[in-house]
Amino acid sequence: MPMFEPDETIFADELPLRENWQPDRIQERDEELTQYKAALQPVINEAPPKNLFLYGKTGVGKTVATRYVLYHLQEDAAEYGIDLTVITQPCNSLNSSYQVAVALVNQFRSSDNQLPSTGYPQQDVFNALFDELDKVGGTVLIVLDEIDNIGDDDDLLYELPRAEANGYVDNVWPGVIGISNDFTFRDQLSPKVKSTLCEEEIRFAPYNANELQNILQRRVDLAFHDGVVDGDVVPLAAAFAAQDSGNARQGLRLLHKSGELARGRGDDRVTTAHLQEAKTWLDRDQLEEGMREMTTQVHFVLCAVAQLAVQSETPAKTQHVYETYTALAEELDANVLSERRVRDHLSELSMQGVLNVNERNTGIHGGSYYEYEISVDLAAVLDVLLDIDRLEGAAETLEQQAQRRSLLNS
DNA sequence: ACTCCACAGGAATTGAGGGGTG
DNA sequence: CACCCCTCAATTCCTGTGGAGT
């Protein structure tokens, strides 16, 4: 008997459940698509393109709609003999105008002529970008996905749309399509950028539970064999995804994981029990992933809070956390940061949802202060800390103490 | 109505570490 | 080699703040 054999009792085709799968039609986004097409019409009329700004939470179809519309735009442009180039730049992990400009230049250049990620003055990089654009010529649409990552450093967004007016380029019409997960990003932009970049705005509202159900059902029909998925699985998955701010991607992940669990067990049906389990698994996985990406010092701070939690001393005031942190860092022979910095780390942890923060004010007896406690499964936190080399010993001790006090459920 | 605690968090700056040119 | 650029964690300094107590 072979070690591996095809197992196709559950999935007919897993691809429709994957993130990068491109559907042949877009569901539940008719209004947005109409707006999108209208905004790009100038390209076909051989007029300068408008700058576009799309915003909406993750998993509401911004990227999928963009791929869909631009694919058709390129096809039609080719048919009418219009010189159109589209480049897409994901901006996650690029956190400044400078880095985005470098990445764009490198998209145009061959691999033996790449620009380094640092070293040159900013204006040199911009000029290099304009040179590349000029070489390409025609209409160039630059899609900047997750543009909110660059924060308030919007120099590039100021320069790009004005490149032609300022005479930096003379052979090309650049158009910017900015995609943002963050509703507030638009307001962070300086007024001069806002007026040009946000000429045309398309807002992608979160999907409601009904819309999610339609989208998920269609993918389930494609991905699973008929009758394998219980009738109440999709509505529940849609409800979970709706809670997660209408995030269709999350719904797809849940369904995919449910199917994998069923297949792994050799079950012939996918039930809500599988879905529940998939949710627990995914929640924890995403949480641990988030925690792992933090820096060493944040881990120290988290470890200090975990220690207080094990000693049943949470919620703890910042002051108390800082003392515990200081002792821990000294014991581990690490740099001891200033209290101000630790406050930053604590607020970062609570933004991530790892810590819970209560604002308290006892007036003249203590003024206003924050109290922190761990807002997630303590076992998950210890799991992550155990994997950090420098914290291994401390985390082991904590785990033993926690077990003795039966603070861990799993 | 006013005080005043003790911390929150903004702003400016530093310094080390990535890299560049001539 | 000297000199310059970008990045980011971290420090220093400082102003803002909400409500219990008077």
Side-chain angles (χ1 to χ4, degrees), chain A residues 89 91-106 109 111-132 146-160 184-185 187-190 290-305 308 313-326 328-330 332-352 354-373 375 388 390-391:
Chain A
Q89 180 59 53
C91 300
N92 46 1
S93 80
L94 302 177
N95 45 16
S96 66
S97 279
Y98 187 93
Q99 297 300 343
V100 174
V102 168
L104 284 172
V105 171
N106 285 339
R109 292 195 177 174
S111 55
D112 55 346
N113 190 22
Q114 298 272 293
L115 223 47
S117 63
T118 171
Y120 293 108
Q122 177 162 289
Q123 202 55 50
D124 290 9
V125 178
F126 286 178
N127 289 336
L129 177 57
F130 294 139
D131 285 350
E132 296 297 335
E146 296 187 48
I147 186 65
D148 42 315
N149 267 311
I150 69 163
D152 50 11
D153 168 21
D154 52 16
D155 296 351
L156 180 69
L157 300 180
Y158 178 70
E159 299 272 353
L160 259 183
T184 61
F185 176 67
D187 302 322
Q188 288 169 28
L189 294 171
S190 49
M291 285 197 281
R292 261 178 242 285
E293 280 169 4
M294 297 168 181
T295 61
T296 317
Q297 286 291 352
V298 181
H299 287 139
F300 287 167
V301 173
L302 180 58
C303 190
V305 181
L308 289 168
E313 289 176 34
T314 48
K317 304 176 54 158
T318 310
Q319 186 68 36
H320 198 177
V321 175
Y322 184 63
E323 284 161 14
T324 314
Y325 157 83
T326 310
L328 179 73
E330 272 170 6
L332 294 172
D333 211 18
N335 288 343
V336 178
L337 301 186
S338 64
E339 190 187 332
R340 177 70 187 83
R341 191 71 188 124
V342 170
R343 278 210 301 271
D344 279 344
H345 288 329
L346 282 170
S347 77
E348 188 191 332
L349 283 163
S350 46
M351 290 245 269
Q352 295 272 329
V354 179
L355 296 184
N356 214 355
V357 55
N358 303 314
E359 199 172 353
R360 306 248 294 129
N361 192 324
T362 39
I364 213 154
H365 303 298
S368 61
Y369 56 86
Y370 285 171
E371 277 182 344
Y372 294 94
E373 64 190 332
S375 72
I388 318 276
R390 296 184 72 178
L391 284 171

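Treat the numbers as computed from the prediction; the structure is a model and nothing was measured. To find a chain, count down the sequence lines: A is the first, B the second, and so on, and within it residues start at 1.
- Residue A:Thr318 is classed as a sugar-phosphate contact, given heavy-atom separations below 4.0 Å to backbone atoms only.
- Side-chain contact between A:Pro315 and A:Tyr372 is absent, with no heavy-atom pair separated by less than 4.5 Å.
- If you find the closest nucleotide of DNA chain C to A:Gly366 and to A:Leu337, the one lying nearer the 5' end belongs to A:Leu337.
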Inset, instruction - Could you go through the side-chain contact (heavy atoms from CB on, under 4.5 Å) check for A:Phe126 and A:Leu160 one step at a time? - result: CA-CA 9 Å; A:Phe126 286 178; A:Leu160 259 183; over 6 Å; no
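- Contacts between residues 95-106 of chain A and DNA chain B, counted as heavy-atom distances below 4.0 Å, involve no residue at all.
- Chain A approaches DNA chain C over the interval C:dC5 to C:dG21, counting the first and last nucleotide 5' to 3' with an atom under 4.0 Å from its heavy atoms.
- The environment of A:Asp152 atom CG is sparse: at most 12 non-hydrogen atoms of other residues, nucleotides or ligands sit within 6.0 angstrom.
- Inter-axis angle, ends of the helix from B:dA1-C:dT22 to B:dG22-C:dC1, five pairs per end, rounded to 10 degrees: 20°.
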Just distance, no hydrogens or angles: give the donor-acceptor pairs under 3.5 Å from side chains in residues 293-301 of chain A, sequence neighbours left out.
residue: A:Gln297; atom: OE1; partner: A:Tyr325; partner atom: OH; Å: 2.8
residue: A:Gln297; atom: NE2; partner: A:Asn335; partner atom: O; Å: 3.2
residue: A:His299; atom: ND1; partner: A:Thr295; partner atom: O; Å: 3.4
residue: A:His299; atom: NE2; partner: A:Met291; partner atom: O; Å: 2.9

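- Within residues 342-350 of chain A, the residues having any heavy atom closer than 4.0 Å to DNA chain C are, in order of number, A:His345.
- Contact detail for A:Gln114 and A:Ser111: the closest heavy-atom pair is CG-O, 3.4 Å.
- The two residues A:Arg109 and A:Asn113 make their nearest non-hydrogen contact at CD-O, 3.1 Å.
- No side-chain heavy atom of A:Glu371 sits under 4.5 Å from any side-chain heavy atom of A:Val357.
- Between A:Ser97 and A:Val100, every side-chain heavy-atom pair lies at or beyond the 4.5 Å cut-off.
- For A:Asp333, the CG atom sits in a loose shell: 12 or fewer heavy atoms of surrounding residues, nucleotides or ligands are nearer than 6.0 Å.
- Put simply, the side chain of A:Ser375 gets close to the backbone of A:Val354: a donor and an acceptor are under 3.5 Å apart.
- Along DNA chain B, the stretch of nucleotides lying under 4.0 Å from any heavy atom of chain A spans, 5' to 3', B:dC5 to B:dT21.
- Contact detail for A:Val125 and A:Val105: the closest heavy-atom pair is O-CG2, 4.1 Å.
- Nearest heavy atoms, A:Leu115 versus A:Asn106: N-OD1, 2.6 Å.
- Scanning both residues, A:Leu328 and A:Cys303, for their nearest heavy atoms gives CD2-CB, 3.8 Å.
- The two residues A:Ala316 and A:Glu313 make their nearest non-hydrogen contact at CB-O, 3.6 Å.
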Legend entry - Trace of the side-chain contact (heavy atoms from CB on, under 4.5 Å) decision for A:Tyr370 with A:Val321: CA-CA 11 Å; A:Tyr370 285 171; A:Val321 175; over 6 Å; no
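- Residue whose closest nucleotide on DNA chain B sits further toward the 5' end, between A:Gly119 and A:His365: A:His365.
- A:Glu359 comes within 4.0 angstrom of no nucleic acid atom, judged by non-hydrogen atoms across all strands.
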